[in-house]
Amino acid sequence: MKLTVRRGGGISGIVTRTELDTAALPDPVAEDLVGEVQRAGLQDLPAPHHGVRAPEGQRESPAPTAARQPDSQLYEISVEGLGAAPFSARYTDESLPEQVRHLMELIDSRPERTDSVEM
């Protein structure tokens, strides 16, 4: 399974990308991460939070903006290889569930992750 977390918005507007592939993790850690993705319920979200990935090279639509504050962060978590078609879930600071926040913290804590800035 490959997880991608995109963060953007805020005052600077910079978009960062964090990727983590469970193939790079020890088996027990990878299994725990799969369980955390399932507990977060990303694949069960209704629109506008849930969507399919855009074709390679195309940008996906931004996170929902209905209750968004001017300087809030936007988050998008994409999951590939969980036994179904790839999918993405989008949030703002205001709409980010605690379970998804926990999942992002787990991804960020792994030294196997890769971080980049999107231009």
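Between atom CD of residue Glu76 and atom CZ of residue Arg6 there is a gap of 5.0 Å, rounded to the nearest 0.5 Å.
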Please step through side-chain contact (heavy atoms from CB on, under 4.5 Å) for the pair Thr16 and Val5, ending with a clear verdict.
CA-CA 8 Å; Thr16 62; Val5 178; over 6 Å; no
I would like to know whether Leu82 and Val34 meet side-chain contact (heavy atoms from CB on, under 4.5 Å); could you show each step before the answer?
CA-CA 8 Å; Leu82 191 59; Val34 168; 3.8 Å; yes
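Gln99 is listed as a side-chain neighbour of Glu36, based on a closest heavy-atom distance under 4.5 Å. For the pair Thr18 and Asp108, the minimum side-chain heavy-atom distance is below 4.5 Å. Taking the side chain as every heavy atom from C-beta outward, Asp21 and Met1 never approach each other to under 4.5 Å. No side-chain heavy atom of Thr4 sits less than 4.5 Å from a side-chain heavy atom of Leu20. Put simply, the side chain of Leu74 does not reach to within 4.5 Å of the side chain of Arg90, judged on heavy atoms. You'll find the side chain of Leu96 reaches within 4.5 Å of the side chain of Tyr75, heavy atoms only. Taking the side chain as every heavy atom from C-beta outward, Leu106 and Arg110 never approach each other to under 4.5 Å.
Taking every heavy atom of both residues into account, Leu42 and Ala89 meet most closely at CD2-CB, 3.9 Å. Between Glu112 and Pro26, the closest heavy-atom pair is OE2-CD, 4.2 Å. In terms of heavy-atom proximity, Ile77 sits nearest to Met104 at CD1-CG, 3.6 Å. Gly8 approaches Gln73 most closely through the heavy-atom pair O-OE1, 3.2 Å. When all heavy atoms of Ala40 and Leu103 are compared, the closest pair comes out as CB-CD2, 4.3 Å.
Checked for salt-bridge contact, Arg39 and Asp32 miss the test: no charged N lies under 4.0 Å from a carboxylate O.
For the residue pair Ser88 / Ser78, a side-chain donor-acceptor distance below 3.5 Å is found, with atom types taken as modelled.
Scored by the side chain to side chain contact (heavy atoms under 4.5 Å, CB included) test, Glu98 finds Arg101 as partners (sequence neighbours excluded). With sequence neighbours excluded, the residues satisfying salt bridge (charged side-chain N to carboxylate O under 4.0 Å, His left out) with Asp115 are Arg113.
Looking at Val79, Val100, Ile107 one by one, the single match for side chain to side chain contact (heavy atoms under 4.5 Å, CB included) with Val37 turns out to be Val79.
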